[in-house]
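By convention in this document, chain letters (A, B, ...) are assigned in the order of the sequence lines, proteins followed by strands, and residues within each chain are numbered from 1. Any value given below was found using the heavy atoms of this structure, including those in side chains, with hydrogens, waters and symmetry copies removed.
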Number of protein chains: 2
Amino acid sequence: MQNQSPHYEITWLIRRLFRAMAQLADGYLQAHGLAAADRAVLEFLYPEEALSVPEIATRYQVSRQHIQVTVNALLEDGFLRSRPNPRHKRSSLFALTPVGRELFRKIRASEAGLLDRLFADIPTDDVECTRRTLQAMYFHNLKQGEIDESS
Amino acid sequence: MQNQSPHYEITWLIRRLFRAMAQLADGYLQAHGLAAADRAVLEFLYPEEALSVPEIATRYQVSRQHIQVTVNALLEDGFLRSRPNPRHKRSSLFALTPVGRELFRKIRASEAGLLDRLFADIPTDDVECTRRTLQAMYFHNLKQGEIDESS
DNA sequence: TCATATTGACAATCTAATTGTCATTTTTTG
DNA sequence: CAAAAAATGACAATTAGATTGTCAATATGA
């Protein structure tokens with residue numbers, strides 16, 4: 001895989017890194033009894049923003065039904081609370097409870113150790129350059145993929 | 001998602017880029033009647049290397065049974081051919097047929113247009129820096145994840 | 001108001017993958 | 001060389017994570 005174009009190599013590496021990261025992530029997510037979709041929902045709500053089920057589904061690019069189930073379970077477990085949606089009377093907004101916020105904080109702490117190892121030998125400048133580049137790719141990519149997020 | 005640590009942001013972007021890329025990939029893969037695993041097998045065999053089913057499974061980090069099914073189907077479709085394995089008499093090696101090679105070449109051509117758009121506005125230096133960084137992350141990551149590939 | 005769209009709930013289905021099992025080699029080791 | 005251990009291919013059952021379809025109950029907007 002070495003002698004390909006740099007563009008191709010980067011996408012190849014993104015695929016492999018995603019799989020490797022997902023595999024590592026499974027470990028600590030399972031320890032908390034969570035699935036990847038649960039983590040994604042918590043992540044979307046970790047900023048102050050409260051979102052409705054359809055909004056989360058749109059951002060995560062999955063069906064609203066899937067997120068509905070995920071959110072209902074997180075609600076049941078006390079990680080989320082709902083409050084009225086000023087924009088839509090039937091579809092309430094969801095936000096993290098203190099417990100839910102603490103849970104996501106713990107998940108992030110678990111990840112931190114892995115991240116440190118993953119980036120151990122990478123110079124700071126390269127990290128920043130990579131961050132900037134991937135961000136440009138992502139938002140460029142998204143525009144052609146007909147999404148309009150702003151966060 | 002902006003005010004996180006750069007490390008965290010990079011992994012966040014990798015997750016999002018993977019999903020966005022996978023979604024785009026589905027389009028042209030389906031057009032060729034292929035699934036992601038098919039593409040992965042073709043990709044592993046696109047270099048001259050001929051591999052056995054267990055070897056491919058190890059590299060792709062999935063169960064050998066899964067790759068067995070995939071390889072059998074690709075063989076049936078005439079994209080792969082088998083030849084004796086000098087290292088193991090029962091487990092034959094697989095390589096691309098000319099048709100299979102041409103198929104993967106076409107897939108890569110379909111991807112090329114998407115890649116160009118994805119990297120359209122990224123300076124060459126940034127591309128190279130990102131490639132180098134992700135590669136370091138991947139191989140660092142893999143070592144701790146008990147894999148020992150050499151390609 | 002009335003037509004259209006959205007939402008939540010639930011069921012059925014789908015896909016990609018894992019795990020389990022078994023007979024058949026193959027390899028290793030005593 | 002013989003016996004034990006491991007690897008392989010085939011097949012079945014199961015799982016996880018998601019989609020799609022449907023429907024009744026609201027909401028929204030012309």
Query raised in the report: Got a sec, which pairs hit salt bridge (charged side-chain N to carboxylate O under 4.0 Å, His left out) with one end in residues 65-81 of chain A, sequence neighbours left out?
Result: none

Query raised in the report: OP1, OP2 of dT7(C) versus side-chain N and O of S52(A): anything below 4.0 Å?
Result: no

Report task. Tell me whether the OP1 or OP2 atom of dA9(C) has a side-chain N or O from N72(A) closer than 4.0 Å. Result -> yes

Please write out each protein N/O paired with an N/O of nucleotides 14-18 of chain D under 3.5 Å, distance rounded to 0.1 Å.
{"residue": "dA18(D)", "atom": "OP2", "partner": "H66(A)", "partner atom": "NE2", "Å": "2.7"}
{"residue": "dA18(D)", "atom": "O5'", "partner": "H66(A)", "partner atom": "NE2", "Å": "2.9"}

Report summary line: From CD of E55(B) across to P of dA7(D) the rounded distance in Å is 13 Å

Report task. Under 4.0 Å between any heavy atoms, over every strand shown, what does V69(A) touch: base, sugar-phosphate, or nothing? Just pick one. Result -> nothing

Query raised in the report: Between dG9(D) atom P and I56(B) atom CD1, what is the distance in whole Å?
Result: 10 Å

Query raised in the report: Please give, in whole Å, the distance from dA16(C) P to F18(B) CZ?
Result: 13 Å

**Report entry** CA sep, side-chain torsions, deciding dist, call: Q23(A), R19(A), side-chain hydrogen bond (donor to acceptor under 3.5 Å, both in side chains)
**Finding:** CA-CA 6 Å; Q23(A) 203 160 331; R19(A) 301 193 109 255; 5.5 Å; no

Requested in this report: Using whole Å, report how far CD of Q68(B) lies from P of dT18(C).
Outcome: 14 Å

Requested in this report: Report the distance from atom CG of L75(B) to atom C1' of dG9(D), rounded to the nearest whole Å.
Outcome: 13 Å

**Report entry** Residues R59(A) and E49(A) bridged, charged N to O under 4.0 Å
**Finding:** yes

**Report entry** Which atom of S52(A) lies closest to which atom of S91(A), heavy atoms considered
**Finding:** CB-OG, 3.5 Å

**Report entry** Over all atoms of both residues, closest heavy-atom pair of S110(A) and H32(A)
**Finding:** OG-NE2, 4.1 Å

Query raised in the report: Would a 4.5 Å heavy-atom cut-off, applied to side chains only, mark E55(A) and L93(A) as touching?
Result: yes

**Report entry** Nearest-Å distance for atom pair CD1/C1', residues I67(A) and dA9(C)
**Finding:** 16 Å

Query raised in the report: Could you give the distance from CD1 (I10(A)) to CG (L17(A)), rounded to the nearest 0.5 Å?
Result: 11.5 Å

**Report entry** Separation of M21(A) CE from I14(A) CD1 (nearest 0.5 Å)
**Finding:** 10.5 Å

**Report entry** Under 4.0 Å protein heavy-atom contact, by nucleotide of nucleotides 21-30 of chain D - B base, S sugar-phosphate only
**Finding:** BB--BSSS--

Query - side chain to side chain contact (heavy atoms under 4.5 Å, CB included) assessment of L114(A) paired with L118(A) - result: CA-CA 6 Å; L114(A) 298 174; L118(A) 190 56; over 6 Å; no

